[in-house]
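Here's the structure we're looking at; comments come further down.
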Amino acid sequence: MRRIGLLGCGNVGEIIARKHEGVNIIALYDAVYDKAKAVQDACGAQAYESFDEFLAQDLEIVVEAASVSAVQAHAEAILLAGKDMIILSVGALTDDPFRDHLKACAVEKGKKIYIPSGAITGLDNLKVCQIAEVSKVLLRTTKNPRSLGIEIDKPMLLFKGTARDCIRQYPKNINVAIAIELASEHEVEVELWADPGTDRNTHELIVEGEFGEITIKVSNRPSPENPATSYLAALSILSLLRNLDNPIQIGT
Ligand SMILES: NC(=O)C1=CN([C@@H]2O[C@H](COP(=O)(O)OP(=O)(O)OC[C@H]3O[C@@H](n4cnc5c(N)ncnc54)[C@H](OP(=O)(O)O)[C@@H]3O)[C@@H](O)[C@H]2O)C=CC1
Ligand SMILES: O=C([O-])CC(=O)C(=O)O
């Protein structure tokens with residue numbers, strides 16, 4: 001079984017630790033040691049107080065479910081240590097030189113960087129946008145204000161602009177837009193709405209191109225422990241881990 005380390009033991013990390021199957025989680029690291037310890041108690045993997053000690057373990061894959069800044073701080077070292085990496089805080093990869101550098105590190109060590117579909121669906125076939133003519137890629141995201149850390153009493157458009165600008169302002173809420181940008185290799189327009197009347201994290205994706213029009217709407221249940229993060233995001237990592245060694249690869 002693949003040996004996994006979890007970087008980030010908050011909401012998603014804890015769900016992965018509790019629900020994983022077909023892989024062996026052996027090491028845990030979180031900026032808050034007590035969170036890693038709590039997950040240790042739940043799944044039996046070893047929690048480490050030092051990142052270097054965590055990385056020194058015999059891991060094949062590090063699953064990042066921490067933050068954009070955690071990817072910026074640790075991804076290079078993880079890849080150069082010869083581990084594959086699953087990156088959920090994909091907003092870190094908006095920085096082109098940083099992404100190119102991580103790619104070069106992965107190539108040098110013969111390793112892979114996996115970007116899970118996270119809180120959306122349809123990412124697989126969006127890769128056709130890399131080869132097709134595309135006139136529009138729009139993501140309209142709506143969350144309850146509490147997911148965005150604000151209080152308002154009526155729906156409000158918080159942001160309209162590029163995915164790259166949006167992730168800078170909302171690094172915990174719009175990683176999906178960057179996953180769409182990386183899959184499509186096309187600039188993504190984002191509208192981010194706060195709506196006190198919704199209990200879902202909704203992502204509406206509208207794509208127009210030579211193939212026709214795509215509309216995808218995902219109405220996600222927020223995670224109980226972190227309403228900013230859709231529960232689907234944790235499931236997407238669990239299913240990625242489950243299918244890693246499947247010789248039949250489904251989806252583009
Ligand atoms: N791609 C996608 O579709 C999605 C991506 N995400 C992203 O996934 C990540 C995990 O989400 P979730 O589990 O809900 O978040 P949580 O905040 O619940 O958990 C993240 C944990 O990682 C810790 N952490 C943050 N930075 C570091 C670091 N530099 N080193 C070690 N640990 C660190 C946090 O500590 P502390 O609390 O002290 O910050 C926290 O304990 C987030 O970045 C989120 O934005 C979420 C949903 C969808
Ligand atoms: O979980 C979600 O719905 C989206 C999210 O937080 C992100 O993309 O960062």
Side-chain angles (χ1 to χ4, degrees), residues 5-18 27-39 47-55 62-78 86-94 113-123 139-144 146-149 159 163 166-183 188 190 192-194 198-205 217-240:
L6 287 185
L7 166 56
C9 300
N11 161 57
V12 170
E14 199 263 340
I15 296 169
I16 295 168
R18 258 192 307 111
L28 309 166
Y29 176 74
D30 194 288
V32 183
Y33 180 56
D34 282 352
K35 290 194 189 175
K37 279 290 279 182
V39 170
Y48 293 91
E49 212 162 355
S50 131
F51 175 78
D52 291 346
E53 243 189 282
F54 162 81
L55 193 58
V62 173
V63 175
E64 178 281 324
S67 62
V68 163
S69 56
V71 177
Q72 290 163 342
H74 298 307
E76 179 193 46
I78 291 167
I86 295 176
I87 295 181
L88 189 60
S89 306
V90 65
L93 303 188
T94 38
I113 300 169
Y114 297 92
I115 311 296
S117 295
I120 46 163
T121 62
L123 206 57
L139 176 69
R140 185 176 297 123
T141 291
T142 308
K143 294 188 178 187
N144 186 284
R146 98 178 148 266
S147 299
L148 295 148
F159 178 93
C166 196
I167 189 74
R168 271 191 278 277
Q169 288 183 45
Y170 297 94
K172 296 183 175 179
N173 280 285
I174 205 77
N175 286 278
V176 282
I178 304 308
I180 292 166
E181 192 151 299
L182 292 176
V188 177
V190 175
L192 178 59
W193 290 81
T198 188
D199 63 351
R200 295 292 160 103
N201 293 336
T202 302
H203 302 290
E204 290 172 84
L205 175 63
K217 181 173 175 179
V218 188
S219 295
N220 284 319
R221 290 214 159 88
S223 306
E225 300 301 325
N226 180 0
T229 293
S230 301
Y231 182 57
L232 187 72
L235 294 179
S236 86
I237 293 188
L238 286 166
S239 56
L240 194 162

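In listed order, ligands and their atoms are each counted from 1.
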Original post:
With a cut-off of 4.0 Å, which atoms of ligand 1 are near a heavy atom of Pro171?
Top reply: 45 (O)
Original post:
Does an N or O from Val32, backbone or side chain, lie closer than 3.5 Å to an N or O of ligand 1?
Top reply: no
Subject >> ligand 1 atoms in contact with Lys35 (distance to a heavy atom under 4.0 Å) >> reply: 37 (O), 40 (C), 41 (O)
With a 3.5 Å cut-off and sequence neighbours excluded, list the donor-acceptor pairs that the side chains of residues 166-174 form with protein atoms.
residue	atom	partner	partner atom	Å
Arg168	NH2	Asp165	OD1	2.8
Asn173	OD1	Lys143	NZ	2.8

**OP:** Identify, by atom number and element, the atoms of ligand 1 in contact range of Asn226, meaning under 4.0 Å from any of its heavy atoms.
**Re:** 12 (P), 14 (O), 15 (O), 16 (P), 17 (O), 18 (O)
Original post:
Going through the checks in order, is the side-chain contact (heavy atoms from CB on, under 4.5 Å) test met by Thr141 and Asn201?
Top reply: CA-CA 7 Å; Thr141 291; Asn201 293 336; over 6 Å; no
Original post:
Counting distance only, does the side-chain N/O of Ser223 pair as donor-acceptor with the main-chain N or O of Thr229 below 3.5 Å?
Top reply: yes
**OP:** Show the protein residues that qualify under the rule heavy atom under 4.0 Å from an atom of ligand 2, listing them in chain and number order.
**Re:** Ala119, Lys143, Lys172, Asn173, Ile174, Asn175, Val176, Asn201, His203, Ala228, Thr229, Ser230
**OP:** May I ask you to check if ligand 1 and Asp30 share an N or O to N or O distance below 3.5 Å?
**Re:** yes
Original post:
Minimum heavy-atom separation for Ile178 to Gly91, with atom names?
Top reply: CG1-CA, 3.9 Å
**OP:** Taking the six-membered ring for Trp and the single ring otherwise, decide whether the centroids of Tyr29 and Phe51 are under 6.0 Å apart.
**Re:** yes
Subject >> Contact (N/O only, under 3.5 Å) between Val12 and ligand 1 >> reply: yes
Original post:
Which of the numbered atoms in ligand 1 are below 4.0 angstrom from a heavy atom of Ala233?
Top reply: 47 (C), 48 (C)
Subject >> Least distance between heavy atoms, Ser117 atom then Leu123 atom >> reply: CA-CD2, 3.7 Å
Subject >> Trace of the side-chain contact (heavy atoms from CB on, under 4.5 Å) decision for Val68 with Asn175 >> reply: CA-CA 9 Å; Val68 163; Asn175 286 278; 3.9 Å; yes
**OP:** Kindly say whether Ser67 contributes a backbone atom to a donor-acceptor pair with the side chain of Glu64 at under 3.5 angstrom?
**Re:** yes
Original post:
Between Ala70 and ligand 1, which part of the residue brings a heavy atom under 4.0 Å of the ligand: side chain, backbone, both or neither?
Top reply: both
Original post:
Any non-hydrogen atom of Ser223 lying under 4.0 Å from ligand 1?
Top reply: no
Subject >> Atoms of ligand 1 close to Val176 [distance to a heavy atom under 4.0 angstrom, numbered from 1] >> reply: 3 (O)
**OP:** Check each atom of ligand 1 against the heavy atoms of Ser89 and keep those under 4.0 Å away; list them by number with element.
**Re:** 7 (C), 8 (O), 9 (C), 42 (C), 43 (O)
Original post:
Just which atoms of ligand 1 are under 4.0 Å from any heavy atom in Lys172?
Top reply: 45 (O)
Subject >> Which residue and heavy atom of the protein sit nearest atom 24 (N) of ligand 1, plus the separation >> reply: Ala66 CB, 3.8 Å
Original post:
Taking all atoms of both residues into account, what is the closest heavy-atom pair of Ala66 and Ser89, and its distance?
Top reply: C-OG, 3.9 Å
Subject >> Donor-acceptor side-chain pairing of Thr198 and Asn144 below 3.5 angstrom >> reply: no
Original post:
In terms of residue, atom name and distance, what is the protein heavy atom nearest to atom 46 (C) of ligand 1?
Top reply: Thr229 OG1, 3.4 Å
Subject >> Shortest protein heavy-atom distance from atom 31 (C) of ligand 1, along with the residue and atom involved >> reply: Ala31 N, 3.1 Å
**OP:** Give yes if a backbone or side-chain nitrogen or oxygen of Tyr29 is under 3.5 Å from a nitrogen or oxygen of ligand 1, and no if not.
**Re:** no
Original post:
Just which atoms of ligand 1 are under 4.0 Å from any heavy atom in Ser67?
Top reply: 25 (C), 26 (N), 27 (C), 43 (O)
Original post:
Looking only at distance, does Ser117 have an N or O less than 3.5 Å from an N or O of ligand 1?
Top reply: no
Original post:
What about Gly13: any of its N or O atoms under 3.5 Å from an N or O on ligand 1?
Top reply: no
**OP:** Return a yes/no value: protein heavy atom under 4.0 Å from atom 8 (O) of ligand 1?
**Re:** yes
